2 protein chains.
Amino acid sequence: MRAADKVLPEATLGRLTLYLRVLDSLAAEGTETVSSEVLAEASGVNSAILRKDLSLLGTFGRRGVGYEVGVLAGFISGTLGLDRDWRVAIVGAGNLGRALAGYGGFRGNGFRLVALLDQSPELIGRRFADLDVRDAGELETLLPADAVNMAVLAVPGAAAQALCERVVAAGVRNILNFAPVVLQVPPGVQVRKVDMARELQILAYHAGHAGQGGPPGP
Amino acid sequence: MRAADKVLPEATLGRLTLYLRVLDSLAAEGTETVSSEVLAEASGVNSAILRKDLSLLGTFGRRGVGYEVGVLAGFISGTLGLDRDWRVAIVGAGNLGRALAGYGGFRGNGFRLVALLDQSPELIGRRFADLDVRDAGELETLLPADAVNMAVLAVPGAAAQALCERVVAAGVRNILNFAPVVLQVPPGVQVRKVDMARELQILAYHAGHAGQGGPPGP
DNA sequence: CATTGTGAATAAGTTCACAGCC
DNA sequence: GGCTGTGAACTTATTCACAATG
């Protein structure tokens, strides 16, 4: 059975993914237990908040000892829903789409890349990351046929909203958007956004305020 | 002279970048004034918070009318520090690094891509996005020579921490990390992270709780 | 009179600090 | 003794609602 099904705060959710990654690498190097202090440090957060986050999922720490790496990783993974079968399509096989297709982040986490679409005749039929690029014009039939339940939009900003609507019409309710636009979607469809320009801008602001922006003097 | 130099809340900062993007596209289509309601809608936020955000920068709305698109865009841009000369190096010229190099997000926002580095002999010397790939082994001399003040890490997770340290040693204090690891950096160095796996995981969680994860039934 | 700017109310998130347990 | 789990204090962020104003 699944853990307490109360909804987790957004902030907690973001951190759970960090913990999970650290736990996976601890497991890979054979560590069996870890304290909140150590796990928090490696995740770049305060240990009190880590304990609070984990306490929302249930109680599996042992006082005086810490958490069992494997058990905790499995539990976070299950809580996030990574034990389900996530079938991902990447829409847009340009530079970015192809780079994402080749990215290992899918593997071993419940995500399977099952389709790569583009509208350009020059790309359709070419093969990347074990997948043939297929015609985005047939998205409405291709996505349901492959039982896609998550779409990654890696298309130019100008094309994003229209493609998003078609993806939604094809029954996909979970979208990760790499295009630099705010997508408008109907209720019930979730969008998350990855935005390099935004991150650079925030970095620029902080650089101008906290540290020096330029390289150090002599 | 620069606006009120009080430090902006992190949440506001994130939204300013959204407003800026919407304002730029409004300007491109010739719109001259915009109300908080319209701008908020297009940015996907509540209008009250937009007004509160803008009021932190100063007072430039006109009651009964709205905001001047050009003036507001210029002001946000200046506040974020985009009128400075940001010299960006991409470290790692694999699929992702090359895709980022080709990405238009740099142009016209104060960011200039000035170097592309990799350690692989097969890539060094090849040319992408108007730049020759140069030897990451010489990072310590190349970055200062190009007056780089922002680095984008597009390398495998296993290499990221070591490269990060070298980049910092070369005097760069602003880092955008695409590698799936939490970087440990000394105080005064800022890191922001872009993490596709994390976004997919958060999407997975919400899909399992709010909507359906799979495609709709017949 | 439409729309801003903002005080006051509410909600969300973080940190502290320590009792409770292994 | 060491470490978790958590109530209470605090900080940050969002929303409401309306007086002020061009």
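Each chain gets a letter, A, B and so on, in the order the sequences are listed, and its residues count up from 1. This one's a predicted model, so the numbers in the text were calculated from it and none came from an experiment.
The two atoms that bring A151(B) and V172(B) nearest to each other are N-CG1, 3.8 Å, heavy atoms only.
The environment of CD in Q119(B) is sparse: at most 12 heavy-atom neighbours from other residues, nucleotides or ligands sit within 6.0 Å. E32(B) CD: 12 or fewer foreign heavy atoms inside a 6.0 Å radius. The number of heavy-atom neighbours closer than 6.0 Å to CD of E140(A), taken from other residues, nucleotides and ligands shown, is above 12.
Taking five base pairs at each end of the helix from dC1(C)-dG22(D) to dC22(C)-dG1(D) and finding the rotation axis that steps the C1' atoms of four pairs onto the next four gives two axes whose angle is 10°, to the nearest 10°.
Across the protein-nucleic acid pair, L72(B) atom CG and dT3(C) atom P stand 16 Å apart, rounded to whole Å. The distance between atom CD of E10(B) and atom P of dA13(D), rounded to the nearest whole Å, is 8 Å. The distance between atom CG of L56(B) and atom P of dA13(D), rounded to the nearest whole Å, is 10 Å. Taking atom CZ of residue R15(A) and atom P of nucleotide dA12(C), one finds them 15 Å apart after rounding to whole Å. As rounded to whole Å, 18 Å separates atom P of dA9(D) from atom CD1 of I49(A). Remark: C1' of dT6(D) and CG of N46(A) are 14 Å apart, rounded to the nearest angstrom. When rounded to the nearest whole Å, the span between CG of L57(A) and P of dG5(D) equals 11 Å. Spacing between atom CG of L54(B) and atom P of dG5(C) amounts to 8 Å, rounded to whole angstrom units.
Side-chain contact, Y19(A) with D53(A): a donor N or O sits under 3.5 Å from an acceptor N or O. For H206(B) and Q201(B), the side-chain atoms include no donor-acceptor pair closer than 3.5 Å.
A distance of 6.0 Å or more separates the ring centres of F60(A) and Y67(A).
If you check distances only, the side chain of K52(B) does reach the base of dT15(D) with a donor-acceptor pair under 3.5 Å.
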Under a 4.0 Å heavy-atom criterion, the protein footprint on nucleotides 17-22 of chain D, written with B, S and -, is B-BBBB

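At dT3(C), none of the side-chain N or O atoms of S36(B) fall inside 4.0 Å of OP1 or OP2 (strictly under the cut-off). The side chain of Y67(A) places an N or O atom within less than 4.0 Å of a non-bridging phosphate oxygen (OP1 or OP2) of dG5(D).
The 5' end of DNA chain C is approached more closely, in terms of each residue's nearest nucleotide, by T59(B) than by the other of A11(A) and T59(B).
Distances were taken from every side-chain heavy atom of S35(B) (C-beta onward) to each of dT15(D), dT4(C), dT4(D); the shortest belongs to dT4(C).
Here the CG-CG distance, from L139(A) to L163(A), works out to 6.5 Å after rounding to the nearest 0.5 Å.
Contacts of L131(B) classified as side chain to side chain contact (heavy atoms under 4.5 Å, CB included), with partners at least two apart in sequence or in another chain: L113(B), L116(B).
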